[in-house]
Amino acid sequence: MHRYRTHTCGQLRKENVGETVKISGWVHSVRDHGGIIFIDLRDHYGLTQVVIDPSKPFYKGVEHWRVESTICFTGEVVNRIAEAVNPKLATGEIEIVANEMEMLGEAKVIPFQVAKEEECNETLRLEYRFLDLRRQSLHNNIVLRSKVIARIRELMTAEGFMEMQTPILTSSSPEGARDYLVPSRIHPGKFYALPQAPQQFKQLLMTSGFDRYFQIAPCFRDEDARADRSPGEFYQLDMEMAFATQEDVFEVNEKVLHKIFTEFSDKQVDAIPFTRLPYREAIEKYGSDKPDLRNPLIMQDATELFRNCDFKAFAGVVASGGTVKTIAVKGCAGESRKFFDDMIKFAQSVGSKGLGYLRWNEGEVQSPIAKFLSEETLNALKQLGGVSDGDVMFFIADNEKAACEIGGHVRNELGKHLGLIDPNVFKFCWIVDFPMYELDDDGKIAFSHNPFSMPQGGMEALLSKDPLEILAYQYDIVCNGTELSSGAVRNHSPELMVKAFEIAGYGKEVVEAKFPALYKAFQYGAPPHAGIAPGVDRMIMLLADEPNIREVITFPMNQKAQDLLMGAPGEVEFNQIRDLHLKLNLPKKIEKAAEEAE
RNA sequence: GGGGAUGUAGCUCAAUUGGUUAGAGCGCCAGCCUGUCACGCUGGAGGUUGCGGGUUCGAGCCCCGUCAUCCUCGCCA
């Protein structure tokens with residue numbers, strides 16, 4: 001007989017009745033009847049009820065065994081009497097009558113309950129992550145994660161992709177997020193950086209003659225956390241394809257994502273091909289480059305209808321070149337006064353000066369602004385929004401960028417508030433045709449996304465077009481308002497690279513200095529190539545229906561990028577710092593606090 | 001760095017307008033209980049109301065400061 005078990009805690013059935021078995025697991029719950037004692041023993045696979053009779057020599061000990069201790073029982077599998085069958089358990093038709101027991105690992109009193117799924121302070125959960133991970137919902141999320149990743153590997157491999165590794169210690173990249181740096185011992189004053197993504201490596205792999213690459217790639221970015229953004233590190237399904245177009249990338253990703261989302265969720269998944277939405281249209285209609293298409297509301301332009309009206313606030317915005325955006329909402333005219341007041345407050349909280357509305361309720365127009373509008377204008381608005389009695393139109397007036405952005409927030413809020421969002425579907429879309437350049441805060445032309453993207457129209461566009469009009473073969477995939485990934489057809493031509501950087505104000509020497517590997521490689525015969533890298537953590541988050549990314553990561557850091565269980569980041573020995581040729585230069589505040597602590 | 005929310009027993013929460021000894025459920029400890037499965041019953045322990053200051057006859061509650069956590073803006077090619 002095996003040292004610890006002949007079966008797992010989820011394995012035994014009626015067929016095993018009469019067998020002598022050994023199982024090991026955690027004490028999930030104890031039901032002590034004074035005489036007979038029932039213990040639910042739990043492992044990764046399930047629960048099995050163990051019965052302990054008062055006549056057993058180890059009976060006395062059982063009374064004091066705490067939940068979450070690990071124990072090994074040897075005993076006989078018996079049928080439960082009919083009334084005692086538990087249909088909630090897979091093993092509920094049988095139980096084990098214990099003959100021998102061995103304590104394997106005793107548990108102290110636990111700081112929060114494992115067997116019960118009650119809410120619990122997250123700091124405590126992170127400090128005792130090993131206990132938290134025993135709890136069913138988190139445990140299931142991690143199991144789901146493992147299965148999804150295994151399936152991704154199968155699907156990608158079946159599509160002809162090769163899984164490859166790329167370096168974790170690499171050089172700092174000049175663009176993008178803040179890098180995590182690793183000081184070099186051998187080269188004083190020099191640093192490695194952890195990769196923000198294997199971007200340049202995968203492009204080099206294409207240039208090295210590999211055709212289809214993928215990797216479940218760790219990415220490191222030293223940026224602040226959000227609910228859907230874990231600080232420190234996260235994983236991408238990184239991929240790149242040689243001799244490929246944008247459509248080739250879409251096709252593979254649609255296949256893989258549709259399969260994954262269909263297989264690992266009960267929600268209804270959009271049929272493929274997914275909706276393609278140009279960036280410009282997304283901003284104008286949804287006020288966002290990651291619209292939640294479950295929300296049926298769309299924004300329309302009502303600028304011209306307010307140009308000559310008596311409502312000075314709006315007419316003034318239009319006169320100074322601004323925009324009026326409207327959102328028509330069917331059937332919400334009956335909402336309370338408080339609803340409309342709350343919506344105005346909300347609009348103000350996201351930066352709007354106000355929120356106008358027209359409410360066609362019981363045959364009349366109820367609105368603070370209706371009195372400024374002619375009958376003709378009201379009718380034209382009605383026609384624009386396609387509304388009638390019982391409906392409402394909301395209005396936002398501001399410069400175009402702000403109006404779209406605020407309208408996007410209002411659209412989301414209305415969708416949430418009015419319950420317009422179907423929780424049982426996954427709505428995917430591709431956002432395409434991102435602009436190549438945009439104006440930065442100083443009014444200078446800058447790359448709006450990724451300097452490696454191929455401009456649409458190639459060299460001719462770079463030479464002849466207004467840079468702000470040039471589009472890139474740059475795309476995002478969005479699911480239910482979550483940006484899963486960005487990708488692009490890459491710029492594989494050294495001449496185009498130099499020209500593209502020149503427009504952003506950088507000379508050839510900058511390209512050579514900042515991207516030496518790619519610039520060099522592309523001069524020795526580069527294949528046109530394209531790729532993308534969907535966020536694995538976010539995919540699991542959507543599949544597990546979790547609002548927080550930490551619920552799908554085994555050992556996440558907190559918002560301040562600390563691992564409360566391991567104590568990272570932590571102090572190191574002076575010798576280690578000295579070997580790396582570093583000196584600490586701490587903020588005054590921290591030095592002062594350290595002195596006071598002494 | 002900015003904004004918001006929260007902070008009361010080991011855990012989750014309550015405590016009327018600022019008013020007597022800060023309560024409940026779970027957990028813990030003790031006792032009872034031989035068919036439960038969130039077992040049940042009885043009793044008990046457990047609190048610097050995050051911390052510091054202020055207002056007040058009186059503060060868990062009001063004010064100021066500070067710390068912590070989460071959400072968010074900035075940031076995330």
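Hydrogens, waters and symmetry mates play no part in the numbers below; they use all other heavy atoms, side chains included. Note on naming: letters A, B, ... go to the chains in the order of the sequence lines (proteins, then strands), and numbering restarts at 1 for each one.
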Q.
Nearest whole Å is fine: how far is B/C70 P from A/Asn548 CG?
A. 9 Å

Q.
Applying the Watson-Crick and G-U wobble criteria at under 3.5 Å, what pairs with B/A22? Answer none if nothing qualifies.
A. none

Q.
Looking at A/Lys88, I'd like to know whether one of its side-chain N or O atoms comes within less than 4.0 Å of OP1 or OP2 on B/A38.
A. yes

(Q) Using atom P in both nucleotides, what's the gap between B/U8 and B/U49 to the nearest angstrom? (A) 11 Å

Q.
Is it the case that the base of B/G7 and the side chain of A/Asn121 share a donor-acceptor contact (distance under 3.5 Å, atom types as modelled)?
A. no

Q: For B/U12 versus B/C75, give the span between their C1' atoms, rounded off to a whole number of Å.
A: 35 Å

Q.
Expressed as a whole number of angstroms, how long is the span from A/Ile96:CD1 to B/G35:C1'?
A. 17 Å

Q: Once you apply the 3.5 Å cut-off to both distances, tell me the Watson-Crick or G-U wobble partner of B/A9, or none.
A: none

Q.
For a quick check of understanding: with a heavy-atom distance under 4.0 Å over all strands, which category does A/Phe38 fall into, base, sugar-phosphate or nothing?
A. base

(Q) Nearest whole Å is fine: how far is B/A38 C1' from A/Asp32 CG? (A) 16 Å

Q) Touch check for A/Ser173, heavy atoms < 4.0 angstrom, all strands: base, sugar-phosphate only, or nothing? A) nothing

Q | C1' spacing across the pair B/A24 / B/G46, given as an integer number of angstrom | A | 14 Å

Q: Check every strand shown and say whether A/Ala227 touches a base, only sugar-phosphate, or nothing at a heavy-atom separation below 4.0 Å.
A: sugar-phosphate

Q) Thinking salt bridges, do A/Arg226 and A/Glu483 make one under a 4.0 Å N-O criterion? A) no

Q. If pairing requires Watson-Crick or G-U wobble contacts with both distances under 3.5 Å, which nucleotide is the partner of B/C39?
A. none

Q. Closer than 4.0 Å, any side-chain N/O of A/Lys116 to the OP1 or OP2 of B/C11?
A. no

Q. At under 4.0 Å between heavy atoms, what does A/Glu83 touch on the DNA or RNA strands: base, sugar-phosphate, or nothing?
A. nothing

Q.
Given the structure, check if the side chain of A/Arg31 and the base of B/C33 hold any donor-acceptor pair shorter than 3.5 Å.
A. no

Q. Reckon A/Gln49 touches a base, only the sugar-phosphate, or nothing at all at heavy-atom distances under 4.0 Å?
A. base

Q: Check each of A/Gln136, A/Glu546, A/Glu551 against A/Asn141 using the side chain to side chain donor-acceptor pair (under 3.5 Å) test, and report the only one that passes.
A: A/Glu546

Q) Between atom CD in A/Gln113 and atom C1' in B/G27, what is the gap in whole Å? A) 5 Å

Q: Could you tell me if the ring centre of A/Phe346 sits under 6.0 Å from that of A/His417?
A: no

Q.
Roughly how many Å apart are B/C33 and B/C41, using the C1' atom of each and rounding to a whole number?
A. 8 Å

**Q.** Whole-Å P distance, B/A14 and B/G50
**A.** 13 Å

Q. Would you say a side-chain N or O of A/Ser29 is under 4.0 Å from OP1 or OP2 of B/C39?
A. yes

(Q) Applying a 4.0 Å non-hydrogen cut-off, can you work out what A/Leu124 is touching in the nucleic acid: base, sugar-phosphate, or nothing? (A) sugar-phosphate

Q) Are the aromatic rings of A/Tyr475 and A/Tyr279 close, with centres under 6.0 Å apart? A) no

Q | A/Phe452 and A/Phe515 aromatic centres sub-6.0 Å | A | yes

(Q) On the side chain of A/Arg221, is there an atom forming a donor-acceptor pair with the base of B/C76 - under 3.5 Å, no angle test? (A) no

**Q.** Interatomic distance, A/Arg135 CZ vs B/G27 C1' [rounded to whole Å]
**A.** 13 Å

Q | Nearest-Å distance for atom pair CD/C1', residues A/Glu127 and B/C11 | A | 13 Å

Q: Could you tell me if the ring centre of A/Phe220 sits under 6.0 Å from that of A/Phe234?
A: no

Q.
Please determine whether a side-chain nitrogen of the Lys or Arg among A/Lys325 and A/Glu405 lies less than 4.0 Å from a carboxylate oxygen of the Asp or Glu.
A. no

Q: Compare side-chain N and O positions of A/Gln559 against OP1 and OP2 of B/C70 and report whether any pair is under 4.0 Å apart.
A: yes

Q | A/Arg226 side chain near B/C73 phosphate (N/O to OP1/OP2, under 4.0 Å) | A | yes

Q: Give none if B/C76 has no partner; otherwise give the nucleotide forming a Watson-Crick or G-U wobble pair with it, both distances under 3.5 Å.
A: none

**Q.** C1' gap between B/G31 and B/A38, integer Å
**A.** 22 Å

Q: State whether the distance check finds a donor on one side and an acceptor on the other, under 3.5 Å, for side chain A/Asp40 versus base B/C37.
A: no

Q.
Suppose we call a contact any N or O donor and acceptor under 3.5 Å apart; does that hold for the side chain of A/Glu95 and the base of B/G35?
A. yes

Q.
Could you check whether A/Ser137 and A/Arg135, counting side-chain N and O atoms only, form a donor-acceptor pair closer than 3.5 Å?
A. no

Q | Polar side-chain contact A/Arg66-B/G27 base: donor and acceptor under 3.5 Å | A | no

Q.
Mind checking if A/Arg125 touches a base, just sugar-phosphate, or nothing, with heavy atoms under 4.0 Å?
A. nothing

Q. Roughly how many Å is it from CD in A/Glu119 to P in B/G25, rounded to a whole number?
A. 21 Å

Q | Pairwise C1' distance for B/C61 and B/U17, with rounding to whole Å | A | 10 Å

Q: Could you tell me whether the phosphate oxygens of B/U69, OP1 or OP2, come under 4.0 Å of any side-chain nitrogen or oxygen in A/Gln562?
A: yes

Q) What's the CD1-P distance between A/Ile110 and B/G10, to the nearest Å? A) 15 Å

Q) So which nucleotide does B/C28 pair with, by the Watson-Crick or G-U wobble rule with both distances under 3.5 Å? A) B/G44

Q) C1' atom, B/G27 versus B/A45: distance in rounded Å? A) 13 Å

